[in-house]
There are 2 protein chains.
Amino acid sequence: MKSNRKANTKATRTRSRNPEATRAALVGAAVELILRQGFAATSVGQICDEAGVTKGSFFHHFDSKDAIGRAAIEWWGDFGTNLYAEAWKDAERDPLEKIGRLFAIMEGFTEHENRVCTCVVGIMSQETAQSNDELRQFACRELERWSENVGALIASAKERHCPEATFDPVALAWHLNALWQGSMLIAKTLQDPSLIRRNLSLGREWLAGFFPDDVRSRLLSSSNLNSIQTPSPNP
Amino acid sequence: MKSNRKANTKATRTRSRNPEATRAALVGAAVELILRQGFAATSVGQICDEAGVTKGSFFHHFDSKDAIGRAAIEWWGDFGTNLYAEAWKDAERDPLEKIGRLFAIMEGFTEHENRVCTCVVGIMSQETAQSNDELRQFACRELERWSENVGALIASAKERHCPEATFDPVALAWHLNALWQGSMLIAKTLQDPSLIRRNLSLGREWLAGFFPDDVRSRLLSSSNLNSIQTPSPNP
DNA sequence: GCGATAAAACCGACCGGTTGGTATGTAAAG
DNA sequence: CTTTACATACCAACCGGTCGGTTTTATCGC
């Protein structure tokens, strides 16, 4: 199980130090281990082994275990934002269509084989929200980032298609956030990723119901088949 | 922070052994601590302190830490089932009304002061689903119990009000399960229980949308104001 | 270009404390 | 007088974190 410490010495024989790469390796290992077994159950020794680095080096880059927890949350948040960015770029496109692409991306994310669909932010939230206020705030920030982005998307779709409607776009975004997090949690326990897809599909139809009949298809059309290929967090 | 070990020796001076009470105290302490700080972060020493029992006694009642984890999941599952039983008893009542009462109970559960609305099953799922198959199965069983019960309720409501409709009652139940779990998770991180109530309200309206207009009010009517008072898990 | 030098990157042994779990003893219950 | 329920003392393994030392790399006078 021990990883080979020579990962950065391969082929090119760089034989060089690379603090940024080391830091990235540590964060990557932490993300991987958190996804697999949770934060509390992961020791810094394990992170070091997985990253091919010693403990001395670890504590040179991070003050504490909590510190790498924060870094893992941030890394995951950025990873997700980049992933979703594909959906809301393109200023021309109809925001409803963008939301459809967002759903397609999420659906695509459930289809990685050999990798259960889980979320660092959800895991860290569950484990630390009540016992470590600093980590709680970091997780909170990422949850808010998601809901704000999706809320803004829904708001602009509303503005374009039914500005007179009374629903609250941000509230709908939080609803979807909870559905997404809860679906990942339950699918992990049932060992059945298809549950996420069914729930996302229901969520998509639910959201479409808030918009006029004639534009709903723009949200419902983009399937996950021709969707953007979602990258795996750690190659 | 140390609890007084004399909890069972108070006043009455029972001075007697009571294995069932000891076991219950241990499970109660475990549930409490899991809700507060998670399973991995909870040590058996802590559980013993909180229960006013020594370690020797703990390992007389439970083979391992995992064993009390299983007991905690089961206890919580039974606690929840008893809580919800209020909703689906009464064979006479319209099942749609029962579902309304179910929502009212869940909403009531978010309103305990000094106690964040969390779920042992959700916490254990998050922490152990991928690293401990036995605990995963226990959590799985409780999630299934919830969805089966709620699914049966929705199915009988469908049977009565719109047997020709095409929706899948069990799929809707899983959707609500995910919404419920995800809402508790996010509300804990945002430290804002009102998010759960907003999401439950949206969920209620969503579910009502599957039934004919003239009966929807039976699902939407029962508010959380006059609802059944939900007990706190550990008095 | 070139050494000199200091700072940054990294190593691995080590520390006190805590962990889940055990061995043994004792007292109450039946 | 045996069985069950609990207490006490203890253990090896592991935890997060420290520390002194070594190697690499960036900087700078020359």
Side-chain angles (χ1 to χ4, degrees), chain A residues 1-9 13-27 29-30 33-34 37-72 127-128 131-132 134-135, chain B residues 1-9 13-27 29-30 33-34 37-72 127-128 131-132 134-135:
Chain A
M1 242 330 173
K2 283 199 72 174
S3 71
N4 62 330
R5 300 191 37 257
K6 304 237 175 99
N8 53 353
T9 324
R13 181 76 186 158
T14 21
R15 193 79 207 99
S16 66
R17 288 185 173 177
N18 190 344
E20 286 158 32
T22 307
R23 214 193 116 96
L26 284 168
V27 174
L33 288 164
I34 289 169
Q37 52 188 12
F39 183 62
T42 297
S43 70
V44 329
Q46 266 182 299
I47 298 174
C48 293
D49 283 353
E50 185 107 350
V53 159
T54 58
K55 244 193 229 186
S57 188
F58 176 95
F59 282 102
H60 172 74
H61 289 282
F62 298 95
D63 286 346
S64 63
K65 191 191 175 186
D66 284 356
I68 207 177
R70 284 171 295 190
E127 290 195 52
T128 69
S131 52
N132 186 322
E134 202 181 8
L135 285 174
Chain B
M1 245 329 173
K2 287 198 68 175
S3 72
N4 61 329
R5 300 190 38 256
K6 305 238 176 97
N8 54 352
T9 324
R13 182 76 186 158
T14 21
R15 194 82 205 94
S16 69
R17 291 186 172 179
N18 191 343
E20 287 158 31
T22 308
R23 213 192 118 96
L26 284 168
V27 175
L33 287 164
I34 290 169
Q37 54 188 8
F39 183 61
T42 297
S43 70
V44 331
Q46 267 181 300
I47 298 175
C48 292
D49 283 353
E50 186 108 347
V53 160
T54 59
K55 247 195 226 185
S57 186
F58 176 95
F59 282 102
H60 172 73
H61 288 282
F62 298 95
D63 287 345
S64 63
K65 191 191 176 185
D66 284 357
I68 207 177
R70 283 172 293 188
E127 288 193 54
T128 68
S131 53
N132 186 323
E134 201 180 7
L135 285 174

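Labels below follow one simple rule: chain letters A, B, ... track the order of the sequence lines, proteins then strands, and each chain is numbered from 1. What you see is a predicted model; the values in this text were computed from it and never measured.
The CZ-C1' distance, from A/F58 to C/dA9, rounds to 15 Å in whole Å. Between the CG atom of B/D63 and the C1' atom of C/dT22 there is a distance of 13 Å, rounded to whole Å. Distance, A/F59 CZ to C/dG12 P: 16 Å, rounded to whole Å. For A/D66 and D/dG16, the CG to P distance is 10 Å, given to the nearest whole Å. At whole-Å resolution of the value, CG in A/L26 and P in C/dC10 are 9 Å apart. Atom pair A/Q46:CD and D/dA13:P shows a separation of 17 Å (rounding to whole Å applied). Rounded to whole angstrom, the span from the CZ atom of A/F62 across to the P atom of C/dC10 amounts to 11 Å.
Donor-acceptor pairing under 3.5 Å, judged by distance alone, is absent between the side chain of A/K65 and the base of D/dG17.
Of the possible donor and acceptor atoms, none in the side chain of A/E50 sits under 3.5 Å from a partner among the backbone N and O of A/L33.
Of all nucleotides listed (D/dA7, C/dG20, C/dA8), D/dA7 comes nearest to the side chain of B/V53. Of the candidates C/dG21, D/dG16, C/dC10, the closest approach to any side-chain atom of A/K55 belongs to D/dG16. Here D/dA5 is the nucleotide among D/dG16, C/dC10, D/dA5 with the atom lying nearest to any side-chain atom of B/P19. Comparing D/dC6, D/dT24, D/dG16 by their nearest atom to the side chain of B/H61 picks out D/dC6. Nearest nucleotide to the side chain of B/S57, out of D/dC6, C/dT22, D/dT18: D/dC6.
Distance check: A/D66 CG to A/E134 CD gives 7.0 Å after rounding to the nearest 0.5 Å. How far OG1 of A/T54 is from CG of A/D49: 10.0 Å, rounded to the nearest 0.5 Å.
For the pair B/R23 and A/V44, nearest-nucleotide mapping onto DNA chain D gives the more 5' position to B/R23. In this structure, A/A40 and B/G56 both approach DNA chain D, and ranking their closest nucleotides by distance from the 5' end singles out B/G56.
Look at B/S43 and you won't find any side-chain N or O under 4.0 angstrom from OP1 or OP2 of C/dT18. Listed pair B/H60 / D/dA5 meets the phosphate criterion, a side-chain N or O lying under 4.0 Å from OP1 or OP2. Between C/dG20 and B/S64, no contact under 4.0 Å exists linking OP1 or OP2 to a side-chain N or O.
Scanning all heavy atoms of the two residues, the minimum distance from A/L26 to A/A51 falls at CD2-CB, 3.8 Å. Of all heavy-atom pairs spanning B/A41 and A/A40, the tightest one is N-CB, 4.4 Å.
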